[in-house]
Visitor: 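This is the structure I have questions about; it appears just below.
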Amino acid sequence: MTRRTHVTTAVALCATAVVVLSGCSSAVEVAPAPLANGDVCRAAASAWPDEVGGKARREVSDAGAGTAYGDPPVIARCGVPALGPTTDDCIEVDGLGWVAQALSDGTRFTTFGRDPAIEVLVPKDYAPEPLLLPAFSAAAQKLPTNGLACR
């Protein structure tokens, strides 16, 4: 074997190892919300539940970005901009408002009347999706209110 063959083989093995190792990662990709770095979101994150709908908490790509549960993952993140008045469906769970927006693969719930807000993405595999919201009540209650409420 020539030196060039050894280098080519080493590069191929390293590339294969990277692909295999990344395939083994169980971390869920969660991007930080725009307002995630504040003390308020750190307080909310301290109240994330250990499990949601019987699904255990999973590792996420950025610990400050949010949290995830199950497979497919239910993803929650603090620091999304607060919603203004809306005509979207708003439901109350444990005295907290949540605006529901249908997505192609599930539902996005955003706290209503809290600033900043928490966003919870629930895949349709967990239907009926609103039944998972009580798990996030303790975290949402850590957020300051802004005077808006579901009507």
Side-chain angles (χ1 to χ4, degrees), residues 12-151:
L13 287 174
C14 286
T16 301
V18 168
V19 170
V20 169
L21 290 175
S22 67
C24 295
S25 174
S26 63
V28 177
E29 283 291 323
V30 179
L35 307 170
N37 293 326
D39 290 338
V40 171
C41 281
R42 278 190 282 285
S46 73
W48 291 135
D50 292 330
E51 66 175 43
V52 172
K55 306 296 181 187
R57 197 165 174 177
R58 293 183 55 188
E59 180 183 349
V60 294
S61 58
D62 181 341
T67 188
Y69 306 85
D71 187 17
V74 171
I75 297 173
R77 54 191 203 137
C78 179
V80 297
L83 298 174
T86 182
T87 58
D88 289 336
D89 290 338
C90 188
I91 58 174
E92 283 198 22
V93 177
D94 294 336
L96 297 162
W98 294 89
V99 171
Q101 295 169 308
L103 304 173
S104 62
D105 58 350
T107 305
R108 172 189 301 127
F109 295 97
T110 307
T111 53
F112 189 68
R114 303 289 170 153
D115 191 2
I118 288 177
E119 171 186 77
V120 178
L121 302 172
V122 182
K124 58 177 129 185
D125 293 29
Y126 299 99
E129 294 91 335
L131 292 181
L132 298 184
L133 293 177
F136 299 101
S137 293
Q141 288 170 343
K142 302 267 185 191
L143 304 175
T145 61
N146 65 10
L148 297 176
C150 292
R151 304 271 179 232

Visitor: Between L83 and T111, which heavy-atom pair has the shortest distance, and what is it?
Guide: CD1-O, 4.3 Å
Visitor: Using every non-hydrogen atom in the two residues, find where G106 and E129 come nearest and quote the distance to one decimal.
Guide: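 What the structure gives for the nearest pair is CA-OE2, 4.2 Å.
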Visitor: Take atom CG in N37; do more than 12 heavy atoms of anything else shown fall under 6.0 Å from it?
Guide: no
Visitor: Taking all heavy atoms of G53 and all of L132, pick out the closest pair and write down the distance.
Guide: CA-CD2, 3.7 Å
Visitor: Without swapping roles, check the side chain of D94 against the backbone of L96 for a donor-acceptor pair under 3.5 Å.
Guide: no
Visitor: Measure the spacing between CH2 of W48 and OG1 of T67 and express it to the nearest 0.5 Å.
Guide: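 Between W48 CH2 and T67 OG1, I get 7.0 Å after rounding to 0.5 Å.
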Visitor: Crowded around E29 CD? As in, over 12 foreign heavy atoms under 6.0 Å?
Guide: no
Visitor: Does the side chain of P123 come within less than 4.5 Å of V74's, by heavy atoms?
Guide: yes
Visitor: Please check if the side chain of T110 supplies one atom and the backbone of E119 the other of a donor-acceptor pair under 3.5 Å.
Guide: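 No, because the side chain of T110 does not come within donor-acceptor range (under 3.5 Å) of the backbone of E119.
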Visitor: For the pair Y126 (side chain) and L131 (backbone), establish whether a donor and an acceptor sit closer than 3.5 Å, ignoring hydrogens and angles.
Guide: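 Side chain of Y126 to backbone of L131: no pair is present.
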Visitor: Looking only at non-hydrogen atoms, find the nearest pair between G97 and C150 and report the distance.
Guide: CA-SG, 3.6 Å
Visitor: Once rounded to the nearest 0.5 Å, what's the spacing between atom CG of D115 and atom CG of L35?
Guide: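 So the CG of D115 and the CG of L35 are separated by 7.5 Å.
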Visitor: May I have the step-by-step check of side-chain contact (heavy atoms from CB on, under 4.5 Å) for F136 and V52, ending in yes or no?
Guide: CA-CA 8 Å; F136 299 101; V52 172; 3.6 Å; yes
Visitor: Ignoring hydrogens and angles, state whether a donor on the side chain of R58 or S26 is under 3.5 Å from an acceptor on the partner side chain.
Guide: no
Visitor: What do the steps show when you test Y69 against V120 for side-chain contact (heavy atoms from CB on, under 4.5 Å), and what is the final call?
Guide: CA-CA 11 Å; Y69 306 85; V120 178; over 6 Å; no
Visitor: Are V93 and P130 packed together at the side-chain level, in the sense that at least one heavy-atom pair is separated by less than 4.5 angstrom?
Guide: no
Visitor: So, taking the atom named CZ in R108 and the one named CH2 in W98, what distance separates them when rounded to the nearest 0.5 Å?
Guide: 13.0 Å
Visitor: For the residue pair C78 and A44, what are the closest heavy atoms and their distance?
Guide: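 C78 and A44 have their closest heavy atoms at SG-CB, 4.1 Å.
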Visitor: Could you grab the distance from atom CD1 of I91 to atom CG of L133, nearest 0.5 Å is fine?
Guide: 5.0 Å
Visitor: To the nearest 0.5 Å, how far apart are CG in L121 and CZ in F109?
Guide: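 Answer rounded to 0.5 Å: 10.0 Å.
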Visitor: State, to 0.1 Å, how close A117 and P81 come at their nearest heavy-atom pair, and which atoms those are.
Guide: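 Of all heavy-atom pairs spanning A117 and P81, the closest is CB-O, 4.0 Å.
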Visitor: Rounded to the nearest 0.5 Å, how far apart are OG1 of T107 and NZ of K124?
Guide: 9.0 Å
